[in-house]
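FYI, side chains are in, hydrogens and waters are out, and symmetry mates aren't considered; it's all heavy atoms of this structure.
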Amino acid sequence: MELKTVLTCPLGSKCQEIRDGAIHQCTWLTKLAGKNPSTGENVDEHGCAITWLPLLLIENSQQQRGTSAAIESFRNEMVAANEGNQRILQITAGLLAPPQLNMVEG
(Lines give C-alpha, C1' and ligand atoms only; values in the text may rest on other atoms or scores of the structure.)
Protein backbone atom coordinates (compact mmCIF):
# COMPACT_ATOMS: atom_id res chain seq x y z
CA MET A 1 0.00 0.00 0.00
CA GLU A 2 1.40 3.34 -1.08
CA LEU A 3 1.00 6.37 1.15
CA LYS A 4 -0.02 9.71 -0.31
CA THR A 5 2.26 12.66 0.47
CA VAL A 6 0.52 15.90 1.37
CA LEU A 7 2.60 19.07 1.51
CA THR A 8 1.37 21.66 3.99
CA CYS A 9 2.47 25.18 4.87
CA PRO A 10 4.57 25.34 8.05
CA LEU A 11 3.02 28.76 8.70
CA GLY A 12 -0.48 27.31 8.55
CA SER A 13 -1.82 29.16 5.53
CA LYS A 14 -2.67 28.51 1.90
CA CYS A 15 -0.67 30.01 -0.95
CA GLN A 16 -3.75 30.92 -2.92
CA GLU A 17 -7.47 30.58 -2.30
CA ILE A 18 -10.72 32.16 -3.40
CA ARG A 19 -12.59 33.60 -0.46
CA ASP A 20 -15.25 36.29 -0.16
CA GLY A 21 -15.31 36.84 -3.93
CA ALA A 22 -11.59 37.65 -4.09
CA ILE A 23 -8.34 35.76 -4.66
CA HIS A 24 -6.30 35.75 -1.47
CA GLN A 25 -2.66 35.09 -2.31
CA CYS A 26 0.37 34.76 -0.06
CA THR A 27 3.00 37.41 -0.70
CA TRP A 28 5.65 34.66 -0.70
CA LEU A 29 4.06 32.90 -3.68
CA THR A 30 6.78 33.34 -6.30
CA LYS A 31 7.18 32.26 -9.90
CA LEU A 32 10.59 30.83 -10.66
CA ALA A 33 11.76 30.32 -14.23
CA GLY A 34 15.15 29.01 -15.34
CA LYS A 35 17.22 25.86 -15.01
CA ASN A 36 17.51 23.70 -11.93
CA PRO A 37 21.22 23.91 -10.91
CA SER A 38 21.18 20.33 -9.60
CA THR A 39 19.49 18.55 -12.51
CA GLY A 40 19.73 21.01 -15.41
CA GLU A 41 16.05 20.65 -16.28
CA ASN A 42 13.88 23.69 -16.95
CA VAL A 43 11.85 25.14 -14.08
CA ASP A 44 8.81 27.34 -14.68
CA GLU A 45 6.41 27.15 -11.76
CA HIS A 46 4.93 28.96 -8.81
CA GLY A 47 5.94 28.05 -5.28
CA CYS A 48 6.60 29.43 -1.84
CA ALA A 49 9.71 31.60 -1.61
CA ILE A 50 10.77 29.64 1.46
CA THR A 51 10.74 26.36 -0.50
CA TRP A 52 12.80 27.95 -3.30
CA LEU A 53 15.62 28.92 -0.90
CA PRO A 54 17.67 25.67 -1.10
CA LEU A 55 17.55 25.74 -4.92
CA LEU A 56 18.54 29.41 -5.02
CA LEU A 57 21.36 28.87 -2.52
CA ILE A 58 22.83 26.15 -4.75
CA GLU A 59 22.63 28.45 -7.78
CA ASN A 60 24.22 31.30 -5.81
CA SER A 61 27.12 29.05 -4.74
CA GLN A 62 27.75 28.02 -8.35
CA GLN A 63 27.78 31.65 -9.49
CA GLN A 64 30.18 32.61 -6.70
CA ARG A 65 32.60 29.83 -7.72
CA GLY A 66 32.60 31.17 -11.28
CA THR A 67 33.19 34.71 -10.06
CA SER A 68 36.03 33.57 -7.80
CA ALA A 69 37.74 31.78 -10.69
CA ALA A 70 37.50 34.90 -12.87
CA ILE A 71 38.88 37.12 -10.11
CA GLU A 72 41.79 34.74 -9.49
CA SER A 73 42.62 34.67 -13.20
CA PHE A 74 42.49 38.47 -13.35
CA ARG A 75 44.72 38.69 -10.26
CA ASN A 76 47.31 36.39 -11.84
CA GLU A 77 47.36 38.53 -14.99
CA MET A 78 47.81 41.70 -12.92
CA VAL A 79 50.67 40.15 -10.91
CA ALA A 80 52.48 39.15 -14.11
CA ALA A 81 51.97 42.61 -15.64
CA ASN A 82 53.13 44.31 -12.43
CA GLU A 83 56.30 42.21 -12.30
CA GLY A 84 57.10 43.19 -15.88
CA ASN A 85 56.52 46.87 -15.12
CA GLN A 86 58.74 46.68 -12.03
CA ARG A 87 61.53 45.09 -14.08
CA ILE A 88 61.28 47.84 -16.72
CA LEU A 89 61.41 50.55 -14.04
CA GLN A 90 64.43 48.94 -12.38
CA ILE A 91 66.25 48.72 -15.72
CA THR A 92 65.37 52.34 -16.47
CA ALA A 93 66.61 53.46 -13.04
CA GLY A 94 69.85 51.55 -13.58
CA LEU A 95 69.19 49.12 -10.74
CA LEU A 96 69.18 46.13 -13.08
CA ALA A 97 71.22 45.36 -16.15
CA PRO A 98 69.18 45.05 -19.32
CA PRO A 99 68.65 41.47 -20.45
CA GLN A 100 71.29 40.13 -22.82
CA LEU A 101 70.12 39.10 -26.23
CA ASN A 102 71.76 35.97 -27.57
CA MET A 103 72.05 35.97 -31.32
CA VAL A 104 71.60 32.60 -32.89
CA GLU A 105 73.33 32.23 -36.21
CA GLY A 106 71.70 29.89 -38.56
Side-chain angles (χ1 to χ4, degrees):
M1 178 172 142
E2 216 173 295
L3 292 178
K4 180 179 165 184
T5 301
V6 178
L7 300 176
T8 59
C9 178
L11 302 175
S13 64
K14 295 181 181 178
C15 292
Q16 199 172 40
E17 66 179 332
I18 298 175
R19 186 177 62 213
D20 303 327
I23 297 174
H24 294 262
Q25 181 173 314
C26 176
T27 56
W28 287 353
L29 183 64
T30 307
K31 181 178 180 183
L32 192 68
K35 290 197 180 278
N36 184 324
S38 297
T39 62
E41 59 190 40
N42 288 330
V43 175
D44 188 13
E45 59 186 82
H46 287 82
C48 180
I50 300 301
T51 61
W52 289 126
L53 282 177
L55 185 74
L56 294 173
L57 287 170
I58 292 169
E59 173 65 20
N60 187 31
S61 294
Q62 289 177 344
Q63 293 298 323
Q64 286 181 358
R65 280 191 289 277
T67 302
S68 295
I71 289 172
E72 183 178 357
S73 175
F74 178 73
R75 178 219 171 260
N76 293 339
E77 291 294 325
M78 290 297 99
V79 166
N82 191 32
E83 287 173 352
N85 288 336
Q86 284 179 351
R87 187 173 305 280
I88 291 170
L89 287 173
Q90 289 173 346
I91 291 170
T92 304
L95 300 173
L96 283 178
Q100 297 295 322
L101 298 176
N102 294 328
M103 300 298 281
V104 177
E105 294 182 28

Quiz item: With sequence neighbours excluded, what pairs up with Arg19 under the salt bridge (Lys or Arg N to Asp or Glu O under 4.0 Å) test?
Solution: Glu17
Quiz prompt | Cys26 SG to Lys14 NZ distance, which is reported to the nearest 0.5 Å | solution = 13.5 Å
Quiz item: Does a side-chain heavy-atom distance below 4.5 Å link Thr30 with His46?
Solution: no
Quiz item: Would you say Val43 and Lys35 make side-chain contact, with heavy atoms under 4.5 Å?
Solution: no
Exercise. Decide yes or no for Met78 and Asn82: does some side-chain heavy atom of the first lie under 4.5 Å from some side-chain heavy atom of the second?
Key: no
Quiz item: To the nearest 0.5 Å, how far apart are CD in Gln90 and OG1 in Thr92?
Solution: 10.0 Å
Quiz item: Just wondering, are more than 12 heavy atoms of other shown residues or ligands nearer than 6.0 Å to CD in Glu72?
Solution: no
Quiz item: Would you say Ile18 has more than 12 foreign heavy atoms packed within less than 6.0 Å of its CD1?
Solution: no
Quiz item: Looking at residues at least two apart in the chain, or sitting in another chain, which of them share a side-chain contact (heavy atoms from CB on, under 4.5 Å) with Leu55?
Solution: Leu32, Asn36, Pro37, Trp52
Quiz item: Do Glu59 and Gln63 get their side chains close enough for a donor-acceptor pair, meaning under 3.5 Å?
Solution: yes
Quiz item: So does Ile23 have more than 12 non-hydrogen atoms from other groups sitting under 6.0 Å from CD1?
Solution: no
Quiz item: Can you check whether Ser38 reaches Ile58 side chain to side chain, under 4.5 Å on heavy atoms?
Solution: yes
Practice problem: Answer whether the closest heavy-atom distance between the side chains of Asn60 and Leu56 falls below 4.5 Å. | Solution: no
Self-check item: Ser68 side chain vs Gln64 backbone, donor-acceptor pair below 3.5 Å
Solution: yes
Quiz item: Is Thr51 reaching over with its side chain to a backbone N or O of Cys48, donor-acceptor style, under 3.5 angstrom?
Solution: yes
